[in-house]
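By convention in this document, chain letters (A, B, ...) are assigned in the order of the sequence lines, proteins followed by strands, and residues within each chain are numbered from 1.
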There are 2 protein chains.
Amino acid sequence: MAINSLMEDFSSLDTSSLVDKVEAKLVQLLKDQKLNVGDSIPKELELAERLGVSRTVIREALLRLRVMGLIESKKKKGAVITSPDIFGIISKSVNPHILDQSTLKEMFELRLILEIGMADFIFQRITPADIKELKQIVSKEPDATQDYLFNIEHEIAFHGKLYEITGNETLKKFQRMLLPVFDYVHHSGLLKKQVSIKRFVSHKGLVDIIENGSPEMFRNAMRNHLENHFSRLFE
Amino acid sequence: MAINSLMEDFSSLDTSSLVDKVEAKLVQLLKDQKLNVGDSIPKELELAERLGVSRTVIREALLRLRVMGLIESKKKKGAVITSPDIFGIISKSVNPHILDQSTLKEMFELRLILEIGMADFIFQRITPADIKELKQIVSKEPDATQDYLFNIEHEIAFHGKLYEITGNETLKKFQRMLLPVFDYVHHSGLLKKQVSIKRFVSHKGLVDIIENGSPEMFRNAMRNHLENHFSRLFE
DNA sequence: TTATGCATTATGTATGACATAATAAAATTA
DNA sequence: TAATTTTATTATGTCATACATAATGCATAA
């Protein structure tokens, strides 16, 4: 069909800007494995000359790579390839006020998934010192858990410690990114109202299981512990 | 102590560039909730004038926000605030060849955590059509699972479908980001050699549980299913 | 040999100009 | 008058040039 093929031609129109092209070229250069971390890339003027564009365009493309954490540029040395701290970078752009509602809700869910799923790593890597610290956190807890006016700081301290125990820094960073989102969603009108404000398995109960139980038991206990959050998602 | 306070003064030296300051100022402007998605921010020249810097600096700061997905700029309309597609953005910068080894390993672990933790969402949101599709995927599977030369595409099809069932688009994007990393780590020398190449719970077994079992059963089954991966992490 | 200062160099910042595309306003036509 | 085309305006995109700044290496002096 003539019209159809015409439409396809339209859709394949190259609408990308000059900078887009240069950026793609540079990214591909990195992906082609010809360059490793620590290697430096040609200087701006050289790139501008070789690609036949202005230094402005090159600078903008390089800037994008820099924001993405792929390179780092020093005053004299030029730009060098770096290993990006992904979550550090996106943490900057995770702004509860700006993210749309469905994304916010999904990030709320993500936390529940992570805390249930990380059981095996906790059991594999926990140390006696960790257990001691957990017990200390729990002991300091205000026992007014019934009215759900539980201290947010204690929540963060306890659950944050669990992430720490997994020994997975990326996971920890992920949590740090999720924290403000979770708090925001929790207090916004995005979810159903809190119906049952009962706490099932307590923090202390979780610690007991960590000490004497199994990953399997922990998963179920954590699922139970988070019931109040789940109940706001499912009806 | 004089020296000490002097050193503190040194450490607090402001080493940030002009663009850094402008960027921070703009981000704060967004976070201050005075602006919502869809609102447009002042034009470049106006910002340059108001902040007393050149248009070059403003452009670079705005560009950073754009790369982070916080704004989008159109030809005439100026820049408007947008809700960032976080994982879409970082997917670009997730390059297994560039990420350092420990991060790669941690992202490998992240997948295991997610797939075990997402049980409740699968059970809550699965439809009969989903089950039918899962069965179809399983039926097409090459049953040469013993020698572990299982088809990568089938792995992706099956596990990808599970992510899809959760109905969490953010989670799905997260998986898409993790996929190449997981594959890379799996085939690189980063982990221990595969010792037992036995498959415990099969894909078919998982489907059975989804159909007739509980989230609790699924978590344990998935943990078992992923044993080959876990065994390469733990000794 | 060790500092110190100087020259060099590549990125950072500033300015001015023009291109381009999207919007609004004006003009033309039915 | 209403609909359509043309034109003008405007803000971002690209280019070119100049100078500032900071890091590096070399030369010089103590």
Side-chain angles (χ1 to χ4, degrees), chain A residues 9-27 29-30 35 37-82 84 92, chain B residues 9-27 29-30 35 37-82 84 89:
Chain A
D9 284 352
F10 270 122
S11 69
S12 66
L13 260 183
D14 187 9
T15 170
S16 63
S17 72
L18 241 182
V19 178
D20 290 330
K21 298 191 185 76
V22 173
E23 179 199 351
K25 221 175 179 74
L26 291 177
V27 168
L29 205 75
L30 302 194
L35 298 170
V37 174
D39 292 353
S40 60
I41 62 182
K43 44 199 175 186
E44 295 175 352
L45 278 174
E46 193 178 326
L47 285 172
E49 200 175 352
R50 279 202 343 214
L51 297 180
V53 295
S54 74
R55 191 181 154 215
T56 309
V57 172
I58 294 292
R59 269 187 71 75
E60 191 160 326
L62 287 178
L63 173 56
R64 290 188 188 177
L65 302 195
R66 209 159 57 219
V67 174
M68 292 191 292
L70 293 180
I71 65 172
E72 222 169 64
S73 36
K74 293 281 177 183
K75 265 290 162 78
K76 159 121 187 198
K77 192 72 186 274
V80 297
I81 299 178
T82 60
K92 280 190 191 170
Chain B
D9 285 352
F10 271 124
S11 67
S12 66
L13 262 184
D14 184 10
T15 170
S16 65
S17 72
L18 241 181
V19 178
D20 290 331
K21 297 190 185 75
V22 173
E23 178 198 353
K25 223 177 179 72
L26 291 176
V27 168
L29 205 75
L30 303 194
L35 298 171
V37 173
D39 292 352
S40 60
I41 61 182
K43 42 196 175 186
E44 294 175 351
L45 279 174
E46 193 179 327
L47 284 172
E49 200 175 350
R50 283 210 329 224
L51 297 180
V53 295
S54 73
R55 191 182 156 216
T56 309
V57 171
I58 295 291
R59 268 188 71 75
E60 188 160 330
L62 287 178
L63 172 57
R64 290 189 190 178
L65 302 194
R66 208 159 61 220
V67 175
M68 291 190 292
L70 292 180
I71 65 172
E72 219 167 65
S73 34
K74 292 282 177 183
K75 266 289 162 82
K76 160 124 186 193
K77 195 74 188 276
V80 297
I81 300 179
T82 59
I89 293 164

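Heavy atoms of B:Lys77 sit nowhere under 4.0 angstrom from any nucleic acid atom.
Applying the 3.5 Å distance criterion, the base of C:dG12 shares a donor-acceptor pair with the side chain of A:Arg55. Side-chain atoms of B:Thr56 come within donor-acceptor range of the base of C:dA14, with a qualifying N/O pair under 3.5 Å.
Closest approach of B:Ser40 to B:Val80, counting heavy atoms only: CB-CG1, 3.7 Å. Of all non-hydrogen atoms in B:Arg66 and B:Ile71, the two that sit nearest each other are CG-O, 3.5 Å. Among all heavy-atom pairs drawn from B:Ala61 and B:Val22, the shortest one is CB-CG1, 3.6 Å. When all heavy atoms of B:Pro42 and B:Arg50 are compared, the pair lying nearest together is CG-NH2, 4.1 Å.
Nucleotide C:dT11 holds its C1' atom 14 Å from the CG atom of B:Leu18, rounded to whole Å. For the pair B:Glu72 CD and C:dA22 P, the interatomic distance rounds to 13 Å; values are reported in whole Å. Taking atom NZ on B:Lys74 and atom P on C:dA21, their separation rounds to 13 Å, with Å as the unit. The CD atom of B:Glu44 sits 14 Å away from the C1' atom of C:dA21 (whole-angstrom rounding). Separating the CD atom of B:Glu23 from the P atom of C:dG12 is a distance of 14 Å, rounded to the nearest angstrom. Per the geometry, CG belonging to A:Asp20 stands 14 Å off C1' belonging to D:dT12, to the nearest Å. Across the protein-nucleic acid pair, B:Leu62 atom CG and D:dG13 atom C1' stand 13 Å apart, rounded to whole Å. One can place CD of A:Glu46 at 14 Å from P of C:dT9, the figure rounded to the nearest angstrom.
Taking only side-chain nitrogens and oxygens, B:Arg59 never comes nearer than 4.0 Å to OP1 or OP2 of C:dT15. OP1 or OP2 of D:dG13 has at least one side-chain nitrogen or oxygen of B:Arg66 nearer than 4.0 Å. The side chain of B:Lys43 places an N or O atom within less than 4.0 Å of a non-bridging phosphate oxygen (OP1 or OP2) of D:dA11.
Residue B:Lys75 has its side chain nearest to D:dG13 when only D:dA16, C:dT11, D:dG13 are considered.
Taken to the nearest 0.5 Å, the CD atom of A:Glu72 stands 12.5 Å off from the CG atom of A:Leu65.
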